[in-house]
Structure formats: structure tokens, C-alpha cells
Amino acid sequence: TYRISITDNLLNIADVGGGGSRRAHQFGRGPADVQMINNTWMTTGDCGFHENSPKAARTIWKSNVFSASNSGGIWGTATGEGDSTFSGHFTNHEFSYNVLYEATGTSYTGTGNQFPSSKNDVFTDHAGGDYTVKAAYQNDGHDGTDPGCDIAALNAAILHSVDGQW
């Protein structure tokens, strides 16, 4: 599989019972040219899991906001969290300007990554469903915009999706 772009998404994957991994993404068999940019992913499992044989080529994680709760973060088969998964499952990668809350910051290298201790440190009103990043993270994305999904644009796009008042 080649040229996959996962951009500007909001995923809130809760533990609803019944098993399953509750992962935001999972790759296997060495995809190439994958980019994940400006996503907000909240999971109760691993954020991402990789079983790449052969190794995946040219993979980019940039300006995302995601959880590493419950020992989550980026993992792979027979590798630990973060850099060991990147070196074990990818021929080259970029991991930059991401906000990983509840992560072990020492497990990840890359430019501009931040590791707050809690989702409440990141989001304006997580409990109320407002996933806009707080001022401390605004304009910290790779291109000077906010990391994560553009919540204002998403809200505008779905404003009348239920009532049909277009």
C-alpha cells in the first residue's frame, strides 16, 4: 500500500467493552509514503501499533495530538514505545511537532514534540467535548498553526449535520 494520507481527523475511541484494541491506527506489511498530519486521537489503547515486515518506508507523524495512556503511544511487535518501534519497523520516518499526553517523553526524539502529563493540560474542555488545544500549544504545529485537528473548521463543517439547516 502506498501514499496514504491521514489528515485533520478527530477520533475519540473509548473503552466500550467487548474487547478490541481501541487503536487509532495499525499498520502491517510495510506501507510506504504514509503521512499522519494534524490529527487529534484519544484512545484507551495504544495510539498506533506496527507489524511491518518488510519495514515501512517514508512515514511521517507531524503536528498530531494524541494520548499515550495505558502504556499507549506508538508501539510495534517486539519493540518498546517510541524510538525503538520507529527503528524496528520503519526505514525512515519523521516524528515532529506532536503533543503526546501521558507519554514517556524520553521514548521519543524529534523536533518540537511536547509531553504534557494529562489531557486536561492540553484541551480547552475535554470533559465538555471541546478539543481545541489550550493557549500553551497554539501555533506549535509544524507550519505555525495549532497541532491536532482544526476543531473550529470541523465544528463549522458539521454544524447542521443533524438538523439539516444548510
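Heavy atoms only: backbone and side chains are in, while hydrogens, waters and symmetry mates are out.
- Considering all non-hydrogen atoms of both residues, A103 and E81 come closest at CB-OE2, 4.3 Å.
- Two rings, from F86 and W61, have their centers less than 6.0 Å apart.
- At a threshold of 4.5 Å between non-hydrogen side-chain atoms, the residues M42 and H126 count as touching.
- Residue D146 holds its CG atom at 7.5 Å from CG of D150, rounded to the nearest 0.5 Å.
- A single hydrophobic cluster is not seen to contain both L159 and V162; linkage of ILVMFWY side chains at heavy-atom distances under 4.5 Å, directly or through other members, places them apart.
- Taking the six-membered ring where the residue is Trp, F66 and W41 present tilted rings, their angle falling between 30° and 60°.
- Taking the side chain as every heavy atom from C-beta outward, T40 and F123 approach each other to under 4.5 Å.
- Counting all heavy atoms, side chain and backbone alike, P116 lies closest to V122 at CG-CG2, 3.4 Å.
- Transitive grouping of hydrophobic side chains (ILVMFWY, heavy atoms separated by less than 4.5 Å) brings F90 and I4 into a common cluster.
- No side-chain donor-acceptor contact under 3.5 Å links N64 to the backbone of G148.
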Discussion item. Between S63 and N38, does the side chain to side chain donor-acceptor pair (under 3.5 Å) criterion hold? Intermediate values first, please.
Written reply: CA-CA 5 Å; S63 298; N38 285 104; 4.6 Å; no
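- Shown here for D140 and Q114, the closest heavy-atom pair between the two residues is OD2-NE2, 3.0 Å.
- When every heavy atom of D33 is checked against every heavy atom of R58, the shortest pair comes out as OD1-NE, 2.5 Å.
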Practice prompt. Start with the C-alpha distance between T111 and S96, add both sets of side-chain angles, then the distance that settles side chain to side chain donor-acceptor pair (under 3.5 Å), and finish with yes or no.
Written response: CA-CA 5 Å; T111 303; S96 60; over 6 Å; no
Item to complete: For side-chain contact (heavy atoms from CB on, under 4.5 Å), just list the numbers for H89 and T77, CA-CA rounded to whole Å, side-chain angles, deciding distance to a tenth of an Å, and then say yes or no.
Response: CA-CA 9 Å; H89 293 277; T77 300; 4.1 Å; yes
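- We find the CE-OG1 distance between M36 and T59 to be 6.0 Å, quoted to the nearest 0.5 Å.
- Here the OG atom belonging to S161 is positioned 10.0 Å from the CG atom belonging to N155, to the nearest 0.5 angstrom.
- Considering N9, D8, T7 as possible partners of N39, the one that fulfils the side-chain hydrogen bond (donor to acceptor under 3.5 Å, both in side chains) test is N9.
- When all heavy atoms are compared, the tightest approach of L100 to F95 is CD1-CZ, 3.7 Å.
- How far NZ of K134 is from CG of D121: 6.0 Å, rounded to the nearest 0.5 Å.
- Between P147 and G141, the shortest heavy-atom contact is CD-N, 3.8 Å.
- I60 and L11 are members of different hydrophobic clusters when ILVMFWY side chains are connected at heavy-atom separations under 4.5 Å.
- Side chains of T124 and T132: no donor on one and acceptor on the other come within 3.5 Å.
- Ring geometry, Y97 versus H142: the interplanar angle falls from 30° to 60°, so the pair is classed tilted.
- Distance check: S87 OG to N92 CG gives 12.5 Å after rounding to the nearest 0.5 Å.
- Here the two rings, on F115 and Y101, have centers that are 6.0 Å apart or farther.
- Here the CG atom belonging to N113 is positioned 12.0 Å from the OG atom belonging to S107, to the nearest 0.5 angstrom.
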